[in-house]
Amino acid sequence: MPVELMWDGKYKDGKRVQPVRLALPFQTIETINESNQQRMQMLDMFSSGGEDTEWRNRLIWGDKKYVLPSLLEEFRGKVALIYIDPPFATGADFSFTAQIPDDPDTEGNQAANFVKQPSILEQKAYRDTWGRGLDGFLQWFYETASVLKDLLASNGGLYVHIDANISHYIKAVLDDVLGQQHYINEITWKRTTTKNDYQQGAKNWPRAREIILYYRLSESGGVFNQQFSAYADDYKETRYKNTDPDGRQYTLSDLTAPGAGTRGHPIYEFMGVTKAWRYNKAKMEELLAQGRIVQSAPGKVPRIKRYLDEMPGIAVTDIWDDIQPVNSMAEERVNYPTQKPEALLERIIKASSNEGDLVLDCFCGSGTTAAVAEKLGRRWITCDLGRFAIHTTRKRLLSIEGVKPFVVQNLGKYERQAWQAAEWENEEVGRAREAAYRQFILKLYGAEEFPGGTWTHGVKAGRLVHVGAVDAPVTEGDLKAIVREVFKRAGGAGAKAAADVLGWDFAFELNETGLNMAREAGVDIKFKKIPREVLEKKAVDQGDIRFYELGAVEVKSEVKARKLTLTLEDFLMPQDDIPDEIQKGITHWSQLVDYWAVDWDFKGDTFHNQWQAYRTKKQTKLELKATHTYEERGKYTVLVKVIDILGNDTTKTLTVEVI
């Protein structure tokens, strides 16, 4: 009789609880390493209403709960290999180590590190996963595995990297979703360092392993390329102790066939010995002529030379004890606590995919899967909930020589539209739904509703409040209307000529030109980002919503003939997440900048990353100048994107004239 693993939440009203299957369109927010020719082809394609058929690898910022169903329309049954390393019950999976680099103007000033705790959104994801303990995790994993199965190709492979403490539960869920007949291996990764230090009087064995469960949909085969590990030195010394005059090491192996000829092996006389041989007589004569066959004495059974340099190594089993974890000095280390070594992913990707195959990882983390897939010539899609994970992966990919073009995407306004429709489904579409949405945001912001305005909707501490729409950025035209209305309404409800403008997105130039325009009109404006956490009911219920003021960057531009030089001159960012003691050590604004990039010819569509500078483990000093030579004269819009040490981005738009 079949046995089914049960948990609280698996069934509701007698039916299985199914994962979210809402498919939303992706928005490309950045293209990276794309040539001008590729860019123009894409623009022409969009203007003609055609489809872009050229593949671009995809780095997606978003919750896999929404991202995976949105991939189904295009990639159902097309993914050759999926590797996932889902969050364990540690709480550390979303944290990362942020670094304040040296002050460039002060010799000997040491960089400072601090652990950036998970964002509210990441904490919420963790609570959703583990908040009900094992029951919550199993339901969460069941829903994830169900969608992953639909994405897998008919012969695709799935690797699930999981803590040994819960691997047996996860195997039962995977047997349920994929079918027990598709289970292939339980791989034990024996870490060469334990997870806990030696303690005198310890009551348990130190933990030194993690589990990787391997499933493959095809029962008759599918892709599997045998992997080999190098021979140990002592094995080579004892096994390959013979040496040719040219220095090649070899061992002698048996030439006779098992079964005394009963399995079709030929029986004949060779070098005075009659046996069942592994090869036919012509092949044996060929090997003899090549000097590959050795007979120690007349009448002795000949043997064949097996050269060390021709052997692939020892076939890798399901116990992996030859891969080191990422230590503190490793060159690939990116200060991510859950970072996995590239050698681990290299083995998995080489074994279960071929060049050109599509690889998916929906828990991107530090970007190891994407980086290794890129190096091995595979196509890849990866996503993560954390903004810093996306930024870390972007930098890591850019560090790969010859990296192919890739895009950064999210679900943007479409996810918010779906949320708004579901949240106020009982409200009439139109003004009633918009009004309910604005009241909701005002309450979260701690503002009181102030009726009677078109562009200002509430008031907080004497400042009027504008609530931006879910599906459009706040533009300069919006700001002009807000400023005009602030003048009319100032004095009412104790309001000053000041306003907080809340928005999901802001026009690229708004934080600079908009602030200046408002200041000249005598209105004090602050731009506040509506955080994505607003979409999550638990985060709202628990009061986890924080609105952050936008950062600001100052860029100097200088044009000589057709050469443009940009210089970063100042950067301001909210430092709420930086500990007070660390803030005291920040003596120069550039210490807050981790990365900046430039689109030299922004056309109002997508930010095309055409130049970038960033800090690495080896190169901690950031280049603050960028140059570009234009081929043609004319006016150009230049867009600069700055990413701070916490992964948040700030943009600035400039107009330059090349003569």
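Heavy atoms only: backbone and side chains are in, while hydrogens, waters and symmetry mates are out. A quick note: this is a predicted structure, and the numbers were derived from the prediction, not measured.
Side-chain contact between Phe75 and Leu360 is absent, with no heavy-atom pair separated by less than 4.5 Å. When side chains are defined from C-beta on, Leu566 does not count as touching Glu558, because their heavy atoms never get closer than 4.5 Å. Taking 4.5 Å as the limit, some side-chain heavy atom of Trp504 sits within range of a side-chain heavy atom of Val534. Considering only heavy atoms from C-beta on, Leu515 comes within 4.5 Å of Phe527 through its side chain. Ile482 has its side chain out of reach of Leu464: every pair of non-hydrogen atoms, C-beta onward, lies at least 4.5 Å apart. Looking at heavy atoms from C-beta onward, Asp471 lies out of side-chain contact with Gln420 at the 4.5 angstrom threshold.
Atom CD1 of Ile390 sits about 12.0 Å away from atom CG of Asp649, to the nearest 0.5 Å. Note: Thr393 OG1 to Ile60 CD1 = 12.0 Å, rounded to the nearest 0.5 Å. In this structure, the separation between CZ on Arg416 and CG on Leu24 is 11.5 Å, given to the nearest 0.5 Å. Note: His466 NE2 to Glu485 CD = 10.0 Å, rounded to the nearest 0.5 Å. Between the CG atom in Asn57 and the CG atom in Leu397 there is a gap of 8.5 Å [rounded to 0.5 Å]. Rounded to the nearest 0.5 Å, atoms SG (Cys362) and CG (Leu71) are 9.5 Å apart.
For Arg396 (side chain) and Ser366 (main-chain N/O), a donor-acceptor pair under 3.5 Å exists by modelled atom type. No side-chain donor-acceptor contact under 3.5 Å links His628 to the backbone of Leu564. Listed for the Asn33 side chain is a donor-acceptor partner under 3.5 Å among the backbone atoms of Val403. Counting only distance, with no hydrogens or angles, the side chain of His608 and the backbone of Gln610 share no donor-acceptor pair below 3.5 Å. Checked by atom type and distance alone, the side chain of Gln619 never pairs as donor or acceptor with a backbone atom of Thr616 at under 3.5 Å. No donor-acceptor pair closer than 3.5 Å links the side chain of Gln339 to the backbone N or O of Thr368. A distance-only check finds no donor-acceptor pair linking the side chain of Glu30 to the backbone of Val408 [under 3.5 Å]. In this structure, Lys395 contributes its side chain and Arg615 its backbone to a donor-acceptor pair below 3.5 Å. Remark: the backbone N or O of His457 is not paired with any side-chain donor or acceptor of Arg438 at under 3.5 angstrom. Distance alone, capped at 3.5 Å, places no donor-acceptor pair between the Arg58 side chain and the Val407 backbone.
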Apply side chain to side chain donor-acceptor pair (under 3.5 Å) to Asp594 and His391, showing your working.
CA-CA 10 Å; Asp594 186 64; His391 174 52; 2.7 Å; yes
Checking Val559 against Tyr636 for the side-chain contact (heavy atoms from CB on, under 4.5 Å) test, could you report, in this order, the C-alpha distance in whole Å, the side-chain angles of both residues, the deciding distance, and whether it holds?
CA-CA 12 Å; Val559 180; Tyr636 293 88; over 6 Å; no
Begin with the C-alpha distance, continue with both residues' side-chain angles, and end with the deciding distance and a verdict on side-chain contact (heavy atoms from CB on, under 4.5 Å) for Tyr445 and Asp500.
CA-CA 10 Å; Tyr445 188 57; Asp500 294 340; 2.7 Å; yes
Chi angles and distances behind the side-chain contact (heavy atoms from CB on, under 4.5 Å) call for Leu444, Phe547
CA-CA 9 Å; Leu444 288 179; Phe547 294 74; 4.3 Å; yes
Give the intermediate values and the outcome of side-chain contact (heavy atoms from CB on, under 4.5 Å) for residues Trp589 and Leu568.
CA-CA 10 Å; Trp589 59 266; Leu568 282 189; 3.7 Å; yes
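Taking the six-membered ring wherever Trp is involved, the centroid distance between the rings of Trp611 and Trp596 falls below 6.0 Å.
The 12-atom threshold is exceeded at NZ of Lys460, counting heavy atoms of other residues, nucleotides or ligands nearer than 6.0 Å. Around CD of Gln27, the count of heavy atoms belonging to other residues, nucleotides or ligands within 6.0 Å exceeds 12. Heavy atoms from other residues, nucleotides or ligands lying under 6.0 Å from CZ of Arg633 number 12 at most.
Considering Glu554, Lys556, Lys625 as possible partners of Thr567, the one that fulfils the side chain to side chain donor-acceptor pair (under 3.5 Å) test is Lys625.
Between Tyr437 and Trp424, the ring planes lie perpendicular to each other; the angle is over 60°, past the 30° to 60° tilted range. Ring geometry for Phe406 against Trp380 counts as tilted: the plane angle lies between 30° and 60°, on a 0 to 90° scale. Between Tyr614 and Tyr595, the angle of the ring planes stays under 30°, which puts this pair in the parallel group of the 30/60° scheme.
Here the closest heavy-atom approach between residue Thr475 and residue Ala507 is recorded as CA-CB, 4.1 Å.
Using a cut-off of 4.0 Å between Lys/Arg side-chain N and Asp/Glu carboxylate O, Lys529 and Asp505 are scored as salt-bridged. With respect to Asp601 and Lys603, a salt bridge is recorded, a charged nitrogen being found less than 4.0 Å from a carboxylate O.
Taking Glu427 as the reference, nothing meets the salt bridge (Lys or Arg N to Asp or Glu O under 4.0 Å) condition, with sequence neighbours excluded.
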